[in-house]
Structures are given as C-alpha cells and as structure tokens.
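Okay, structure first, notes after.
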Amino acid sequence: MEVSKDYDPIKVEPRWQKRWEELGIYGFDREDKTKPTYVIDTPPPYPSGEFHMGTALNWTYFDIVARYKRMRGFNVLFPQGWDCHGLPTKVQVEKRYGIRKGDLPPEKFRELCIKLTEKNITHMREEMNSLGFSIDWSTEYRTMDPDYYRRTQLSFVQLYKRGLIYRGEHPVNWCPRCETAIADAEVEYADREATLSHIKFKRHGEDEYLTIATTRPEYLPACVVVAVYPGDERYEKQVGKKVEVPPFGQVVELIEDHEVDLEFGTGVVMVCTFGDKTDVRWVKRHKLPVVKLIDEKGNMSEAAGKYAGLTLEECKRAIVDDLRKAGLLVKQEKLTQSVGACWRCKTPVEILTKPQWFMRVLDLKDKVIEGAKQVRWVPEHMRQRLIDWAESMDWDWVISRQRIFATPIPAWYCTSCREPIVAEERQLPVTPAKDKPPVERCPKCNSESFEPEQDVLDTWMDSSITIAVHAGWPELDRRLFPADLQPNGTDIIRTWDYYLLVRHLALLGEAPYRTVLINGMVFGEDGRKMSKSLGNYVDTTMARGKYGTDALRQWAVIGASTGSDIPFNWKDVDFGYRFMRKFWNAARFAGPHLNAKIAKLDPKKLKFRPIDRWILSRLNRLIGQTTGWLEDFQFNHAMGAIQTFVWHELCDMYIEEVKHRLYGDDLTADAARYALYHVMLTAAKLLAPFTPHFSEEIYQTYFDKDHPYPSVHMSSWPEVNKKLIDESAERAGELANLIVGTLRQFKSERKMALSRELPSVVIYTSSRETAKQLKEVGDDIAGTMCVGKLNIKVGKPKLAERVLAVEPEMAKLGPRLRADVRLIVQALREAKPEDLAKQLAKGKLKLRAGGKRFELAPEDVRVIKETASAGRKVEVIDIQKPALTLLITSPRSGLVRRRTRSTRRARRRSAS
RNA sequence: GGGCCCGUGGUCCAGUGGUUAAGACAUCACCCUCACAAGGUGUCUGGGACCGGUGGUUACCGGGGUUCGAAUCCCCGCGGGCCCA
C-alpha cells in the first residue's frame, strides 16, 4: 500500500472538497420525508470581500454541528446567504470610484454596488469552501435579488396592514456624512476630547446671571428650557423663573428634572432640540417645542439666524467668539466625553426630526422577552443580554433609510394630501420609482397624482426574516420552522437575535429558533480585538496556509469554551497539525493490520486480553462523552477528550502495549488487530465533525474498502456499546499503564534504553483482586517493557517499612462527620502513626477526640509509608495508589541483552 | 451613570463546595530510535535529531465573610474587557 509518509493537509484538503461536492453530501434533501430535519439559520455575512477570523470561528461551530447532525441521521439544512445591502458596500463603491451618493443616477450607482457585491461573494465563497464548511450552496440567496426582496417587501406590507409598521415624525439618529437615519444599533460610542464652555444666561428682568455649562454652544439657538436637579440648593429659589439665552436672547424657563447631573459643570443644563438623546427624553417629558436647527448635511438651518448655512464646527466657533466679545463666556475647560458616532464612517451622529417609517417594537417588548426566555441559550447567560437590550429600548425601530443600494420601500405618496399608499401583495416585488401604485386615485382626497417613496429599508429588515425564507415563506414548510439552531457571535445578539425574534413574532407569532449558540469574539495574538489598525490582523487564507483548515479549525475549537472570547494563536494551529501527524503515524503503523479480514472477524471468537478490553471500554466511554458534549455544544471538551484519548491512551499506551503481540505470532494478535481497527475507525469518525478532511483521508486510506459509505461524512455516528464498557478491564488496563509508566520512568531515570531487558520484576500487592488483575496483564507489561521474568505476589516484600503518617480522606469524612472532621484531623495528627497503622491492619480504627468516639474504616484514611530497601541487588519502587511495591533487578552492565537489529528488521518485514 | 463578563503557572485555558488543581504552549534535563530521523545492506553502518517518550520547573488578583472544608458561594477593593446610556 502506498501511503504518504507525512500527512500533507495542503494537498489533501482540496481533493476531498472536490470529491464531497461531486458526492453532493451537503445537500438538504427536500424530497426526503422520513429523516428528521435539522435546520441551522446562518447569519448572512456582509459581502465585504474579506473573510474575517471571527466569521471562520462562527462557521466552524455551524459546520461541526451540521456534520455531526448528518452523521446522527438528520436531514440537515445548512444554508448560506449574503446580506448585500449593508452600508459597507456603498462605502466601498464610493471609495473605489471616488464618488459620493448622488454623483451618479441611482440605477447606475446600484449597478456598481451589484457588480462589486458579486465579485466579493465569489471570493468569499471560495474561501468558505477552502475552509471546508459543509454549506448547501443550492440554498444560496442574496438579499439584493428580486426573489428575496419580494419577501422583504411582503413582510413590510403585511406588518403595515396589521398596524405594526407606521409612518411618523420622530427624532432619529442621523449621520450627516452618510446623509441617512441610522438605528441605535448602528451608533458607536467612543471617548473624544471636548471643550466645556461656561456661559452666562441673563436672568429675565434682573441684572443677575445664571451660568450654564455645555459642550455644544452651537445648539444655543435651539435651547428651549434650562434645568437643574430637584432641590439643588444653589438654584432652588430661581426654579420657575425665566432666563435669556444668548446670543439671540430667547426667553426660557428654569425647570427641575431628576436626570440633571448635580456635579457636572455648574449643575445647570440647557435643553436643546436636539443635542443628544437625553434632550429627546426631556422634550417628551416636559412637552417642549422642537427647533429644527440642523439640516440633513449637518449644516445650520434658518433657525440659526445669522449663523445659517455654517457647518456645526464653524457655527460653534462663531458663537463662542460672539459670546466672548459680549463678555458672556466665563471660561472653557477640556474634558473627555463619550460621543455617539456612525459605526461605519465614525462621523458624530446628530439627532434630527424626520418623517420616517417605524416598526412598533416597543409594543412587542413583553413577547420578545417571553420568547427569549423560552429559547435555549448556549451559554445560558447570553439570554440576559437580549433581555437587557429589549428592556432598554425606548424608541421604536426606525426602519427607513436614505440610501440607494437597499430594498425599496413599497410605497407612494399622494402629491396633494401626502397620504402614503402601500403596495398590494400581488404587485411585489416593486420599485416605486418605476412601478405604479395599486390605486388610480387617492382614497383620501381622490387625487390622481402620486410620487414614489425615495427611502429604502434598513438592511436588518432584509436579514431578519431569513428563517421564514428558508422555510419557504409565505408558503411555510413546518419541517423547517422554527430553525433548530441560531448561531452567531456575542456582538450581534442585540441586532441579529433581537431582530429575528421581533420580526418573526410580529409576522408568524412565534419565536423563530429553538436554540441560540453564541461564539465569542476573536482577538489578535496580543489579546486585543483583531483589527487591521492594531496590526494584529490575520486573515483566514493566511491562517490556513500553514497547515490547512483542519489545523485552524482545531484552534477554533480548542482555543476557548463556547461563548468565550478567543485569541488567535499560531501555537494552537501548530498543535492541531501535530495532533493529526501523530494520528497519521499511528494509522501508518496500524495500517497493515487494518483490512477487511480483520473487520469481519467475529469478536466472540477472538481471544481478547484485558488490555484490549480496556481500550475498547475507554473508547466506548469516549463515544458517550463526545456525543454528550456535542449535544451541549461544548466543542472544546469533546475535542480535548478525543485528543487525549488518541495521543495518550491509544498511541502512548495501547499501541506500545500490543506491539509485542503484533510482531510475533501471538494467538491473540487478531484480537489486538480487531481492537486497533475499531478504535482507529471510531476515532476517525468522532473527529469527522472537527477535522473533516483529515478524518476522510484516514477513512479512505485505511477503511473505505470495508464500508458501504463513500465518505466518512456519510457514515453513521458511533454508538456506545454498553457491553464493552467494562470496569474490571479498565482497572486492569490502568494497572498495566501504571506499571508500564513506572518502569519507563525507572529506565529513563537510570538512562537505560527502553528496549533493555530487565531480568526480573516482582510486584507485591496486599490485594488478591489487584494481584489477579496484574496477572492478567502481566504478559503485556513484560512484553512491552522487555521484562525477563515478571512475578506477582500477594503480601509484602521483606523490607524495612515505616509508617510516616495516617492522613484523613476528606472527601469521605467531610460529608459524614461535618464539623467533627476537625477533631479527627487533630486526633490523627497527635497519635503515633505506627499505632494507627497497627489498628488499621485489623480492619478498623477507633479514635477518641473531643470527648467523642469515632470509628474509621481503612478507606477513610491514607497511610503514608516509607520503605527502605533490603537487598543491594534489588531496587524498590513504591506506588501509593494502589499500594504496590516493585522489586526490580537491573541488568548488569556487562551483560546487557538487547533485541538484535535482525529481529527488529524481521519484525519490520512482518509488519509491512 | 447602568448592566454583564473575566482575573488560575512565563502564556493560553479547564475546573464552579471535598484527595496531591487538569491540559496545551513554553522551558530545562534525560532517554529511545522497532508508525512518528538519515543512509544503506546482508545478518548492518555511523549517528544522534527541529519526531517521540519520561521526568523536572512554575499558579488560584488582594482583603473580609459563610462553611468542618472555598479557586469555586457572598461582600468590599484592585485590574481588564464587552454592551448600553
């Protein structure tokens, strides 16, 4: 058999990716009505053109679940879409062609966006395939395609009819750079340096002044009231009186409000419409008038009087200058302030009042919270983040945007009475600029003239109906709704998870997902958030370039527990590769023994030795644990357990312990081969969701011929065979490992070759049971460690032995004796260890302490002994648990026998 | 200002009331070479690895409390992060 000497993931991975595509194993079978379905709703990424490590982490989780569920016999839907209408595309197009929105006719601009999006998608799709994600590409959707946005519009129309979408005038977050309203979720807060100006307001009708502090003097023309904290002694007497606001001198009242910060500035705040979100609350609470001071571009409006037309910055300087000249500027000081900015272009956000479309999410708050409570969250505590978010909402969701590249709002306006006319369902999809409204005359004023809605929908309106769309909505396939799994990162709980919940609750009346799986954020190797500006950015192409995607996927899995943030770490990638190489080499060794003949052996007729039953028992426990952890989405635990099993139990111990049987013509060699075959095949299967290509390579190289499935990913997930879980064999196996390990250490410490023969080893134990088990594995120990003569004896060697101490077994005594444990500890410490040991030898230990009597069994305590060597020729090794004594006769230096090279080569021949 | 998360060896991370705190990376020492060096052929060679094995090293942020017993639960503080206002 031609087997490559080293595992080369860079060559192997693309080969299997191609083969899997040919086999079509990722496809959801729509015709199949027998298998249970498992639906994963994947968040459609922005087609930015780059595949971020965080996305790779995210998709690795989906892929593990998808592959696992397929092996469990589910008909898995693993769809993939693209959230095309994101702001990033618009920004990229503007940057690439050096234009701004409005420089081109909308259709032309849209074309450029589509072209760029398609290019980006192509690249990202290739990258996703290279990362080995088992996506069903036949489901691919793009939110910019008519078939998709038809449904987005349909949901708009339906929610409008139910009164859950309305048009209203409301303050919105506005980005003057992008010239659009943006949602709360798109506002990013960052600390910036600001100047706090102390300004004198003349008290109306008096010659006294009141000093206020503000960071935004340009808003003075829009000041409608000034406020202090209720009961503030400094201003108590002036509450209710009037002041004159410079520079125009409008007269406003001094009021009280509990939201005023006593310690900030002078304790007096001016309320302007609208300087920030607090102003919006104050306007609402105190029913204040609204002044439209800023226009859409961030310039001063007519309301700014002589400052009209200036930018915010220019206006600020001009007003401060004028105040200084008028002697009204008391002082200025620097401070850092948290300022909301557009998440994409970082321009500070203004608050404007504009007619907008809203979705009535505040009315759905209780339902959303109820929904969040019913859904399973992994990890649990992430649920609270969504609930906190839902509870903190104080505005309805602004769903209209002033952009070009987005889903058009299916509406028109009557030119005479401004009545909005929303499209009929049968018309969809519509582009209001091109299509006609569904009515000939305005139902309100009978006018025949209409104009199209220019605004478009927030991109979250597109992407928050994906689950319904996967299920075929409006013809809903109940097998596909709700989705079983909703996986995404911690950063989009308040957007993705929230909007999905609120939209589907509004549209279909039920929560769209059963389980939410949250992954953490990926940090750079330096522990800071991964970003290009910090210079710690690694892209996935680079990360998988070294050892392939399976090594990278192991980093994603093992790097942190589910939901925790995870730093990218090359060492974990390296380890991932080393693990595969270890397994690969073990398979190369085992290869010659893994064939159809071995697979078909009847286990009932084989002479298994305890060591074989040990590994089979451990394997079956591993199957159970791995399955449980996968069901709980604890991927790191599952992968860790498999790695430890393969590396340490299988390679370090089992393989070494059966070599002597495989090389020789031992009667039990077939049993070892059989065990090896099943352990390796099962381990490859358990690894399949994690390292799909590596598992496939192992499967195809060593096992394919013996199995009906053309791919390991089409095989079935291993089942626990309870009959093979054998505690007695596990004890025997662990005893063998303990002795082998001890002898390895013994040789290692004495700088002996592992293959050097130890002429004689005698193991003493006080337990007949242990002696029996040791005898069962004696040949394996002797064969593995080259022991000439191995004897097991019950009893103790004639050695000088001294009891050093008798210590309490807290885990036993604590729960039983509670507070009295302290007395026992004291009594054991004070008594003579020898006396205690003598008593124990008789079966029980009686103690008096604190006026009470206690009776302890041998298992309640530990006896710490020191053993002195009796003879010169024998070396003594004591093992504490279980208590064993090894007497080892070392080879005499002149008469060292080694396995000759000829026998070694003979073995090599027999193995190949 | 509010909410949430986190603090365990040099680094990362597991452990969430009960023996000696798991593992990976790192580092050091030693050993082996028979799946996990190289050459080669006749009953091997010289050689000793950036593979593998064995072992060593090093840890519960500080303070208080609850408890027979705390890394684990509670409180305070310090430090870091995230989200929101």
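A, B, ... follow the sequence lines: proteins, then strands. Residue 1 opens every chain. Since we're looking at a predicted model, the values are computed, not measured.
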Inset, instruction - Please confirm whether A:Tyr677 and A:Phe703 have ring centers closer than 6.0 angstrom. - result: yes
Legend entry - Atom NZ of A:Lys546 with >12 non-hydrogen neighbours under 6.0 angstrom: yes
Legend entry - Among B:A24, B:A35, B:A14, the one nearest A:Ile655 by side-chain distance: B:A35
Inset, instruction - Could you work out the separation of B:A71 and B:U19 based on their P atoms and round it to a whole Å? - result: 11 Å
Legend entry - Within the 6.0 Å centroid threshold, strictly below: A:Trp570 and A:Phe568: yes
Inset, instruction - Please figure out whether A:Arg581 or A:Ala590 has its closest RNA chain B nucleotide nearer the 5' end. - result: A:Ala590
Legend entry - Same-atom distance (P) from B:A70 to B:G17, integer angstrom: 14 Å
Legend entry - d(CZ, A:Arg385; C1', B:C4) in whole Å: 6 Å
Inset, instruction - Identify whether any heavy atom of A:Asp574 sits under 4.0 Å from a base atom; if not, whether one sits that close to sugar-phosphate; answer base, sugar-phosphate or nothing. - result: nothing
Inset, instruction - Give a yes/no on whether any side-chain N or O of A:Arg744 is located under 4.0 angstrom from OP1 or OP2 of B:U54. - result: yes
Inset, instruction - Would you please confirm or rule out a distance under 4.0 Å between OP1 or OP2 of B:A24 and any side-chain N or O of A:His648? - result: yes
Legend entry - Residue-phosphate contact under 4.0 Å: A:Trp389 side-chain N/O, B:C4 OP1/OP2: no
Inset, instruction - Report the distance from atom CG of A:Asp565 to atom P of B:C12, rounded to the nearest whole Å. - result: 14 Å
Legend entry - Selection from B:A35, B:A24, B:A14 that lies nearest to any side-chain heavy atom of A:Arg588: B:A35
Legend entry - Rounded distance in Å - CG (A:Asn173) to C1' (B:A85): 12 Å
Legend entry - Nearest-neighbour nucleotide for the A:Asn585 side chain, B:G15, B:A35, B:C82 considered: B:A35
Legend entry - 5' priority, RNA chain B, between A:Thr490 and A:Asp652 [closest heavy atom]: A:Asp652
Inset, instruction - Among the candidates B:C12, B:A35, B:C51, find the nucleotide nearest to the side-chain atoms of A:Pro567. - result: B:C12
Legend entry - A:Glu656 (side chain) and B:A35 (base): donor-acceptor pair under 3.5 Å: yes
Legend entry - Strand RNA chain B in bracket notation, Watson-Crick/G-U under 3.5 Å with | for pairs to another chain: (((((((..(((.....[....)))((((((.......(....).......))))))...(((((..]....)))))))))))).
Inset, instruction - Could you state the atom-to-atom distance from CD1 of A:Ile387 to C1' of B:G2 in whole Å? - result: 17 Å
Legend entry - A:Asn636 side-chain proximity, nearest of B:C25, B:A35, B:A14: B:A14
Legend entry - Parallel, tilted or perpendicular: rings of A:Tyr7 and A:Trp584 (30°, 60°): tilted
Legend entry - Atom-pair distance (CG on A:Leu386; C1' on B:G3), nearest Å: 14 Å
Inset, instruction - With P as the reference atom in both, quote the distance from B:A37 to B:G52 in angstrom, rounded to an integer. - result: 8 Å
Inset, instruction - Provide the distance between the two P atoms, one in B:A29 and one in B:A38, to the nearest whole Å. - result: 25 Å
Inset, instruction - Quote, to the nearest angstrom, the P distance that separates B:C75 from B:G23. - result: 33 Å
Legend entry - Euclidean distance for P, B:C28 against B:U33 (whole angstrom): 24 Å
Legend entry - Rounded distance in Å - CD1 (A:Ile518) to C1' (B:C82): 14 Å
Legend entry - Nearest-Å distance for atom pair CD/P, residues A:Gln625 and B:G15: 14 Å
Legend entry - Span that lies between the P atom of B:A14 and that of B:C61, in whole angstrom: 14 Å
Inset, instruction - Between B:U20 and B:G10, how far apart are the P atoms? Round to whole Å, please. - result: 22 Å
Inset, instruction - Output yes when A:Arg216 and A:Glu350 qualify as a salt bridge under the 4.0 Å nitrogen-oxygen rule, no when they do not. - result: yes
Inset, instruction - Would you indicate which nucleotide in B:C36, B:G53, B:G15 comes nearest to any side-chain atom of A:Trp647? - result: B:G53
Inset, instruction - Report yes or no: is there a donor-acceptor pair, N or O only, under 3.5 Å between the side chain of A:Lys659 and the base of B:A35? - result: yes
Legend entry - Close side-chain approach of A:Tyr577 and A:Asp550, heavy atoms under 4.5 Å: no
Legend entry - Gap between atoms CG and P, on A:Asp572 and B:C13 respectively (whole Å): 10 Å
Legend entry - side chain to side chain contact (heavy atoms under 4.5 Å, CB included) evaluation trace for A:Arg581 with A:Phe694: CA-CA 10 Å; A:Arg581 181 171 58 194; A:Phe694 176 74; over 6 Å; no
Inset, instruction - Answer yes if the ring centres of A:Tyr498 and A:Trp397 are under 6.0 angstrom apart, and no otherwise. - result: no
Legend entry - Side chain proximity check, A:Asp572 to A:Gln554, heavy atoms < 4.5 angstrom: no
Legend entry - Side-chain N,O (A:Arg578) to OP1/OP2 (B:G52) below 4.0 Å: yes
Legend entry - Geometric class of the A:Phe633/A:Phe635 ring pair [parallel <30°, tilted 30-60°, perpendicular >60°]: perpendicular
